[in-house]
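As C-alpha cells, the structure follows; a few thoughts come after it.
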Amino acid sequence: MGSFTSPPDLHVFQARVWEVVRGIPPGRVASYGQVASLLPPPPGTDPKAYLAFGPRWVGGAMAACPEDVPWQRVINAKGQISPRAGAEDQRALLEEEGVLFDERLRVDLSQYRWKPDEEWCREHGLVWHPLEPREDPLF
DNA sequence: TCCTTGACTCAGA
DNA sequence: CTCTGAGCCAAGG
C-alpha cells in the first residue's frame, strides 16, 4: 500500500482544532489566533510559520468543520465576525446564546472571551496560557 | 508549474 | 480610531 504519499497531517491538525472549539461553552467566544495558540505547531512545521499562519489554518479548519462543532463561537481578534457568506447566521446564533454586539458589530472580548482552565488544557494536550490581568487583546 | 486567494494578526503610520 | 503591509502556508484553477 505504498501509494499514499500525503499523510493528512493537515487533517490531523483540523481535527484538533475542532476538538478545541467543541470545548468553547455557549455564550463564549474565542479568536482564530487564540485557538491556534492553544495548539502546538504541527510536527514538522516551522514555529515561526505557525505563528504567522496558524490563525489562517484555524480559519480553514472552521470552513470545513463537521456539524457538531460550534463554529459560530470563533471570531476574529477584533471581536468581529469575519466577513464572508453566512456571516449573518453566525451573529444570530451568538445572540441566541446571549452574546451582545455593539453598534459596530463588535463583541467585547474582555467580557466574552473563553478562558480554558489549566486542567482542561492538560486533558486535551494543549498549551496552557496563564491569563494576564492586563488589557491585552489576547488573554 | 505559476498565480491567486484565504472564516488572520500585529506593528507601524 | 482607521488603514496598510508583511508574514511566507496550502489548495485550487
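Just so we're on the same page: letters track the sequence lines, and every chain starts at 1. All heavy atoms count here, side chains included; hydrogens, waters and symmetry mates do not.
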Report all interatomic pairs (protein N or O, nucleotide N or O of nucleotides 1-8 of chain C) with separations under 3.5 Å.
residue, atom, partner, partner atom, Å
C:dC1, O3', A:R104, NH1, 3.3
C:dT2, OP1, A:R104, NH1, 2.4
C:dT2, OP1, A:R104, NH2, 3.4
C:dT2, OP2, A:R104, NH2, 3.2
C:dG7, N2, A:A52, O, 3.2

*Taking only residues two or more places apart in sequence, or in another chain, which ones meet A:D117 in a salt bridge (Lys or Arg N to Asp or Glu O under 4.0 Å)?*
none

_Under the rule for salt bridge (Lys or Arg N to Asp or Glu O under 4.0 Å), what residues qualify as partners of A:R106, not counting sequence neighbours?_
A:D102

Decide yes or no for [X] and [Y]: does some side-chain heavy atom of the first lie under 4.5 Å from some side-chain heavy atom of the second?
{"X": "A:Y50", "Y": "A:P42", "value": "yes"}
{"X": "A:P70", "Y": "A:R28", "value": "no"}
{"X": "A:E88", "Y": "A:I81", "value": "no"}
{"X": "A:K78", "Y": "A:R104", "value": "no"}

Whole-Å gap separating [atom2] ([N]) and [atom1] ([X]):
{"X": "A:H11", "N": "C:dC9", "atom1": "NE2", "atom2": "C1'", "result": "15 Å"}
{"X": "A:Q80", "N": "B:dC10", "atom1": "CD", "atom2": "P", "result": "14 Å"}
{"X": "A:L38", "N": "B:dT9", "atom1": "CG", "atom2": "P", "result": "13 Å"}
{"X": "A:D89", "N": "B:dA7", "atom1": "CG", "atom2": "P", "result": "16 Å"}
{"X": "A:I75", "N": "B:dA7", "atom1": "CD1", "atom2": "P", "result": "16 Å"}
{"X": "A:L10", "N": "C:dG12", "atom1": "CG", "atom2": "C1'", "result": "14 Å"}

*Grab the two heavy atoms, one from A:P55 and one from A:Y32, that are nearest each other, plus how far apart they are.*
O-CB, 3.7 Å

Using a cutoff of under 3.5 Å, can you pull out all pairs of nitrogen or oxygen atoms linking the protein to nucleotides 11-13 of chain B, with atom names and distances?
none

*Under 4.5 Å between side-chain heavy atoms, hopping through other hydrophobics if needed: is there a path connecting A:V69 to A:L93?*
yes

*Without swapping roles, check the side chain of A:Q90 against the backbone of A:S82 for a donor-acceptor pair under 3.5 Å.*
no

*Between A:E97 and A:G27, is there a donor-acceptor pair closer than 3.5 Å when you use the side chain of the first and the backbone of the second?*
yes

*Those residues of residues 57-70 of chain A lying under 4.0 Å from DNA chain C by at least one heavy atom*: A:W57

*Residue list, ring pair (Phe, Tyr, Trp, His ring centres under 6.0 Å) with A:W18, at least two apart or on another chain*: none

